[in-house]
Amino acid sequence: MFNFFRKKKQTEEAKTPPPQLADINQFPLQEGDLVEALRYDLGKCKLIRAEKGYVYESLATGQQVSWLRMVDAITQLQKVKKIME
């Protein structure tokens, strides 16, 4: 009987899509892109690859924040705006 509940929970989790690497306007993000962070007072940042995945590095302070901390819970998009050159 308890296995029934576990299987149901696992299938519900499998339906949830993983977070995307896309800005708030749904523009795809790649390594090296410049963005304006809307969280943590980072200002302009650069998306770089680190040992544990992608991080946003502030150009002003050098502070690094994992891309997972920038995910908006509702839209599953990043809380950043891509800077178009």
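Values below: every heavy atom of this structure, side chains too, minus hydrogens, waters and symmetry copies.
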Hydrophobic cluster identity match, V55 and M70, side-chain contacts under 4.5 Å: no

Taking a hydrophobic cluster as the set of Ile, Leu, Val, Met, Phe, Trp and Tyr residues connected by side-chain heavy atoms closer than 4.5 Å, whether directly or through intermediates, do V80 and V71 fall within one such cluster? yes

Could you go step by step and tell me if M84 and F27 meet the side chain to side chain contact (heavy atoms under 4.5 Å, CB included) rule? CA-CA 10 Å; M84 304 291 187; F27 291 115; 3.8 Å; yes

Is the [atom1] atom of [X] crowded by more than 12 outside heavy atoms at less than 6.0 Å?
X	atom1	value
Q64	CD	yes
R69	CZ	no
N25	CG	yes

For the side chain of [X] and the backbone of [Y], is there at least one donor-acceptor N/O pair under 3.5 Å apart?
X	Y	value
K81	I24	no
Q76	A73	yes
D72	K79	no

Tell me yes or no: between the side chains of Q63 and Y56, is some donor less than 3.5 Å from an acceptor? no

Over all atoms of both residues, closest heavy-atom pair of [X] and [Y]:
X	Y	answer
L34	K46	CD2-CB, 4.0 Å
W67	Y54	CD1-O, 3.0 Å
L42	A37	CB-CB, 3.8 Å
L21	L47	CD2-CD2, 4.3 Å
E31	I48	CG-CA, 4.3 Å

Atom SG of C45 and atom CG of L38: how far apart are they, to the nearest 0.5 Å? 10.0 Å

Rounding to 0.5 Å, atoms CZ (R39) and CD (Q78) come to a distance of 9.0 Å

Does any non-hydrogen side-chain atom of L29 lie less than 4.5 Å from one of V35? yes

May I have the step-by-step check of side chain to side chain contact (heavy atoms under 4.5 Å, CB included) for I83 and K44, ending in yes or no? CA-CA 9 Å; I83 298 174; K44 290 184 181 179; 4.0 Å; yes

